[in-house]
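Structure first, commentary second.
Numbers restart at 1 for each chain; the letters A, B, ... are given by sequence-line order, proteins then strands.
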Amino acid sequence: MDYQFKSIEQKWQQYWAANQTYKVTTDTTKPKYYVLDMFPYPSGAGLHVGHPLGYIASDIFARYKRIKGFNVLHPMGYDSFGLPAEQYAIQTGQHPAITTQANIARYRQQLDNLGFSFDWSREVRTSNADYYKWTQWIFMQIFNSWYNLETDKAEPISTLILKLETLGTREIKAVCDEDALTLQPSDWSAMTHLEKEAELLKYRLTFLKQSTVNWCPALGTVLANDEVKEGFSERGGHPVEQKKMMQWSMRITAYAERLLQGINTIDWPEPLKEIQKNWIGKSVGAMVKFQHIEVFTTRVDTLYGVTYLAIAPEHELVAQLTTPQQKESIDAYIAQTKKKSELDRMADVKTVSGAFTGSYVTNPINGAQIPVWIADYVLAGYGTGAVMAVPSGDQRDYLFAQHFNLPIIPILDAQQIDTQADPTKEGKYINSGIINGLTYKEATAVIIQELEKLGAGKAKINYRMRDAIFGRQRYWGEPVPVYFKDGLPYLIAESDLPLLLPEVDKYLPTQSGEPPLGRAKDWKYKHKYDYELSTMPGWAGSSWYWFRYMDAHNNQAFADKKAIAYWQDVDLYIGGSEHATGHLLYSRFWNKFLKDLGYVTQEEPFKKLINQGMIQGRSSFVHRLVDEDGKPTNTFVSFGLKNNHQTVPVHVDVNIVENDILDIEKFKASRDEYAKAEFILENGKYFCGHEVEKMSKSKFNVVNPDDLIERYGADTLRMYEMFLGPLEQSKPWNTNGIEGVFKFLRKFWKLFHDDSFTFKVSDQNPTKAELKALHKIIKKVEEDIERFSFNTSVSSFMIAVNELTDLKCDNKAILQDMVIVLSPYAPHICEELWALLGNTNSVSTATYPTFNPAYLVEDNFNYPISINGKTKTNISLPLTMEAIDVELYVLQSELVTKYFDGKTPKKVIVVKGRIVNVVL
RNA sequence: GCUCAGAUGGUGGAACUGGUAGACACGCAGGACUUAAAAUCCUGUUCCCGUUAAAGGAGUGCGGGUUCGAUUCCCGCUCUGAGUACCA
């Protein structure tokens, strides 16, 4: 029989499921390897052809590692809490659990169609209570911890209490809120229970605090910084505003330095590491006190050049600093900046604006009186919300000073400040008191020392990263395992986990503006205490899920210690780069936290990470003729002729276009208005135009993997997606070319069959040429997979099969090894051929063949002969021939001398086994 | 503006440490088989000039450099994509 992909693929998918072929156990006799995909949010649209790209690559890698002798953990699950299901629920009233369930079923079907080797017995769903029980449990551990800067790790809150009881705050170096009190042991013991709890909240790694948050009115929830893009919500694109609210936060800033340092220890793409570094945003500088106004600066050496202080319009001291005379203009300025949206403020960088408060403060280093201005170029959210302005060294300060006629003092003798600020650090200091004559390298330490002596400042490292807001005023998320008593939050008992998501009548906020959970009837802890009504953010469940796969059904712990000790961390993680500042940062944070408390063993969760490129859409267009009035007609012009006519492009479904040629009959049938369409053709064909756009329904360029599997089979689709190009590169999807891969698999199938498609292999000894073809591919695939170059492996498979076909190879030993080598890429066809070859187990239990270099050894090499670097001819010579003999041979060869043109060679370069170059 | 990635035939791409640029595939052209079509197979396919074949010239975004030799290394520029942005 010819290659019957449909029945073969069905048969083996059923076999794998029935025999649990890919179920994996903790097996300490084998080395472990953990291959993980970023688990998907199961959206209603299902998978398009771009989604499986990473899954295919990871599956090939997992299958390869398996036949290389590793015990491979390769699981899959669903990040199933989230906004879209809830938005849908609001519109339809249907419980998000129901739509989520249906979407998961669809995803599972689509994933199964592709023949992935996931161990489905370990599936996780973040919205299942037996999963989110442990998300809640981890939250409780975080709540019960503080960050000890002395040991540089998180510790149970009990060690903090002990310190407070015995030593007081003087001996405590912790990451905590700024308003934490200074306490003696006696002060602590004198506090009431309530006061103590309120104080501890300032230390806990997750805490409730009045803070400025990103509020999105359209979604009815707060958002984390990474969920806001340019002033709009990442999901849905709704405007976001700043609002003061009582909110749960995670003290991720405690881990800023470790998150930064850890980046140097992991094998991630450079751009991704760069994004995380920028997000953390470390800057080394100093805090300086201008009386009661504190500023942060990275150039404390410029302190003598300060000619004014600029503070953000939102700064808390604005009212206090404003003199009665200036009140009117300050109020007007604040009103004006408030009107400007976030976006305007960002777009309008060039306009200088500000207002004088009327107050002056003293420069601590020289006692100079300097004016305090408010200016919207100072951001309330960064540093202290106040800056010391040095117009000679900072361009923004320079423009501001010019605009408002403030002095500009040069501070370095090499500074060029006639037309703009000069931020360089060259030269020696002038106008700078105690650092006059010093260089930049010397000056900073001197200034900081002096400031410390005066009590007016100290060295300080500042981070851009903020603590992460951890509450969402939404329904479809994990309930926070907290109740309130006397206005303070307490954890529920561990034995009461999981705290189940209660039923509500509507998925909308209550009349009084409480989150949807406020609608739950009789929902109180121990029938009397109010629960926290916000739920956890989307990233909660995904911040630890890779541990759950290690031991997915454990009721006693999030994962058994032995399982964690064996599987340790993720060896290879594949997913999109859009999670750079969200999931990938929070996961590293939770991982470090769990390690501090001794629950896990590794400092970093994902050793090696690869971002698969985005698959864009490739839209097709028909060109519709318009008449003199510009009105569209029912005539369509083929692409090559469109410039001869007045036309407008119209999107056309890519599924009725092949190699840019429109299927006219299908086009006519696609819409009533096209039924009587007429066409201006080229060579009897209608060619479409094309453009690369995002893949979306509205652009009619969505290609569904199910359709391609129906037509070519999963093995072809898997290999074609890899063949498309390097995994990490973004590229438009184009189904042109899939035929080539399909033909390859049919050709491979033919190697095992005679002309009437009867299975036939021979037991003869393989020939030298056959062995060479085989061992070339054994080596190549090994090298390619190890460097994630899947596209080049596919080409090499084609070359190998072409060679074996030319050799008319039907040798069993050769073909059997070919099956093993190809099996990670095209598992179904390989299982079938493996079985036909007489094997009774799955090909995934086979061993990858050992490469033998002896088969690739050549006797002769066809030397390219170049004259002055240009290749002119080839001469085949034995590889054993020494360079000097090669030179002699080449120089007397007529093939070469005819190019000499009477000249004598000046020089001859011979690289043994590579090239000969004659310089004339 | 800054940071990063990239630019190779009609198309997707290959060339791993500087050594025969264009592997492999798509598409296209021609041919075989067929009453015909599909499928399959064979041949050709970077460009220019020439053409029976040859022979020649140019060529990896642009301009320079290093080298016997550069898609690969260095300098400058152009364009494309991504990230980020008044961060003090």
Side-chain angles (χ1 to χ4, degrees), chain A residues 2 229-230 269-275 277-279 281-283 285 295-299 302 310 345-352 375-379 381-390 393-397 399-400 423 462-464 577-578 580-581 611 613-614 616 618 659-661 690 692 720 723-726 728-741 743-744 746-747 750 780 783-784 787 789 791-800 802 862-874 905-911 913-920:
Chain A
D2 198 357
K229 298 272 186 265
E230 293 177 355
E270 268 326 303
L272 194 64
K273 294 208 251 185
E274 202 62 35
I275 292 170
K277 280 184 196 165
N278 291 339
W279 186 262
K282 180 181 183 177
S283 37
V295 303
F296 174 73
T297 178
T298 53
R299 287 295 301 276
T302 64
R345 210 165 138 173
M346 277 194 291
D348 185 18
V349 182
K350 297 223 168 62
T351 318
V352 176
D376 69 356
Y377 78 86
V378 181
L379 304 176
Y382 184 75
T384 59
V387 302
M388 55 178 234
V390 185
D394 182 286
Q395 186 59 21
R396 292 158 301 172
D397 298 345
L399 291 173
F400 194 89
N462 202 34
Y463 297 92
R464 193 182 81 108
S577 57
E578 65 274 21
T581 52
N611 292 131
M614 258 239 304
Q616 295 135 312
R618 186 183 188 274
N659 288 326
D660 291 336
I661 297 164
H690 64 88
V692 174
Y720 182 60
F723 189 57
L724 225 45
E728 301 196 58
Q729 205 168 294
S730 285
K731 55 225 153 197
W733 177 265
N734 189 345
T735 309
N736 296 354
I738 195 168
E739 294 273 355
V741 174
K743 271 190 228 166
F744 155 75
R746 293 175 60 177
K747 215 165 166 181
K750 271 222 73 184
K780 178 78 171 140
E783 287 170 354
D784 284 351
R787 63 191 173 108
S789 175
N791 55 325
T792 49
S793 304
V794 178
S795 302
S796 306
F797 280 125
M798 292 175 170
I799 293 168
N802 287 346
N862 199 21
Y863 281 92
I865 314 295
S866 357
I867 310 291
N868 291 335
K870 272 274 169 195
T871 309
K872 294 289 177 186
T873 185
N874 290 281
K906 285 198 195 105
K907 196 172 174 187
V908 181
I909 287 102
V910 178
V911 184
R914 280 232 183 247
I915 200 169
V916 178
N917 188 17
V918 181
V919 186
L920 290 179

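Regarding A/Trp279, its CH2 atom lies at a distance of 16 Å from the C1' atom of B/rA82, rounded to whole Å. To the nearest angstrom, C1' of B/rC86 lies 9 Å from CG of A/Asp376. In this structure, A/Ile915 atom CD1 and B/rG18 atom P are separated by 15 Å, rounded to whole Å. Atom NZ of A/Lys273 is separated from atom P of B/rC4 by 14 Å (rounded to the nearest Å). For A/Phe744 and B/rA25, the CZ to P distance is 10 Å, given to the nearest whole Å. Look at CZ on A/Arg464: it is 8 Å from C1' on B/rU84, rounded to the nearest Å. Atom CZ of A/Arg396 is separated from atom P of B/rA85 by 14 Å (rounded to the nearest Å). Taking atom CD1 of residue A/Ile865 and atom P of nucleotide B/rG19, one finds them 17 Å apart after rounding to whole Å.
Comparing atom distances between the A/Ile275 side chain and each of B/rA23, B/rA25, B/rG83 picks out B/rG83 as nearest. Distance from the side chain of A/Pro271 is smallest to B/rC4 among B/rA88, B/rA23, B/rC4. Comparing atom distances between the A/Thr297 side chain and each of B/rA88, B/rU20, B/rA23 picks out B/rA88 as nearest. When distances run from any side-chain atom of A/Arg914 to the nucleotides B/rC24, B/rG19, B/rA88, the shortest one goes to B/rG19.
Spacing of P atoms, B/rU72 relative to B/rG18, comes out at 11 Å, to the nearest Å. Taking atom P in both B/rC24 and B/rC41, the straight-line distance is 15 Å, to the nearest Å. Going from the C1' atom of B/rG64 to that of B/rU51 covers 38 Å, rounded to whole Å. B/rA29 sits 30 Å from B/rA21 when the P atoms are compared, rounded to a whole Å. Spacing between B/rU17 and B/rC74 at atom P, rounded to whole Å, works out to 14 Å. B/rG19 and B/rU3 have their C1' atoms separated by 35 Å, with the value rounded to a whole Å. Across the C1' atoms, B/rG59 and B/rC49 are found 15 Å apart, a figure rounded to whole Å. Rounded to whole Å, the C1' atom of B/rC2 lies 23 Å from the corresponding atom of B/rG61.
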Residue pair A/Val910, A/Val916: steps toward the side chain to side chain contact (heavy atoms under 4.5 Å, CB included) verdict: CA-CA 5 Å; A/Val910 178; A/Val916 178; 4.2 Å; yes
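Remark: A/Asn802 engages A/Lys747 in a side-chain hydrogen bond (donor to acceptor under 3.5 Å, both in side chains) (not counting sequence neighbours). For A/Glu739, the side-chain hydrogen bond (donor to acceptor under 3.5 Å, both in side chains) test picks out A/Tyr712, with sequence neighbours left out. Every residue two or more places apart in sequence or in another chain was checked for a side-chain hydrogen bond (donor to acceptor under 3.5 Å, both in side chains) with A/Asn917, and none qualifies. Every residue two or more places apart in sequence or in another chain was checked for a salt bridge (Lys or Arg N to Asp or Glu O under 4.0 Å) with A/Lys731, and none qualifies. Scored by the ring pair (Phe, Tyr, Trp, His ring centres under 6.0 Å) test, A/Tyr720 finds A/Trp733 as partners (sequence neighbours excluded). Applying the ring pair (Phe, Tyr, Trp, His ring centres under 6.0 Å) rule to A/Phe400 yields the partners A/Tyr308, A/Trp373, A/Tyr377, A/Phe404; only residues at least two apart in sequence or on another chain are considered. Residues meeting the salt bridge (Lys or Arg N to Asp or Glu O under 4.0 Å) test with A/Lys273, sequence neighbours left out: A/Glu270. For A/Trp279, there are no side-chain hydrogen bond (donor to acceptor under 3.5 Å, both in side chains) partners, not counting sequence neighbours.
In this structure the side chain of A/Val918 reaches within 4.5 angstrom of the side chain of A/Ile867, judged on heavy atoms. Side-chain contact between A/Asn868 and A/Val919: present, with at least one pair of heavy atoms (C-beta onward) separated by less than 4.5 Å. Using a 4.5 Å heavy-atom threshold, the side chains of A/Val741 and A/Met798 count as touching. Side-chain contact check for A/Arg787 versus A/Thr792: some heavy-atom pair is nearer than 4.5 Å.
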Atom pairs, N/O to N/O, protein against nucleotides 7-14 of chain B, distance under 3.5 Å?
residue : atom : partner  : partner atom : Å
B/rG12  : O2'  : A/Leu724 : O            : 2.5
B/rG13  : OP1  : A/Gln729 : NE2          : 3.0
B/rG13  : O3'  : A/Asn791 : ND2          : 3.4
B/rA14  : OP1  : A/Asn791 : ND2          : 2.9

Could I get a table of every N or O pair under 3.5 Å where one atom is in the protein and the other is in nucleotides 68-73 of chain B?
residue : atom : partner  : partner atom : Å
B/rC68  : O2'  : A/Asn917 : ND2          : 3.1
B/rC68  : O2   : A/Asn917 : ND2          : 2.7

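Nearest-nucleotide mapping onto RNA chain B: of A/Val794 and A/Arg299, the residue sitting toward the 5' end is A/Val794. Residue order along RNA chain B, read from the 5' end via each residue's closest nucleotide, puts A/Gly737 first among A/Met388 and A/Gly737.
At a threshold of 4.0 angstrom between heavy atoms, the contacts of A/Asn802 are confined to the sugar-phosphate backbone, with no base atom among them. No contact: A/Glu270 has no heavy atom under 4.0 Å from any strand.
A donor-acceptor pair is defined here as one N or O able to donate and one able to accept, closer than 3.5 Å; such a pair exists between the side chain of A/Tyr863 and the backbone of A/Gly913. Side-chain N or O atoms of A/Arg299 include one that pairs as donor or acceptor with a backbone N or O of A/Pro423 at under 3.5 Å.
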The contact string for nucleotides 39-49 of chain B, one letter per nucleotide 5' to 3', using protein heavy atoms under 4.0 Å with B, S and - for base, sugar-phosphate only and none, comes out as -S---------
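Every stem involving RNA chain B, taken as at least 3 paired positions in a row under the Watson-Crick or G-U wobble test at 3.5 Å, is listed here: B:1-7 with B:78-84, B:10-12 with B:24-26, B:27-32 with B:40-45, B:46-48 with B:56-58, B:61-65 with B:73-77.
For the pair A/Ser793 and B/rC24, the criterion of a side-chain N or O lying under 4.0 Å from OP1 or OP2 is not met.
Ring planes of A/Phe296 and A/Tyr382: perpendicular class, angle over 60° (limits at 30 and 60°).
Glycosidic conformation, B/rG9: syn, with the torsion inside 90° of 0.
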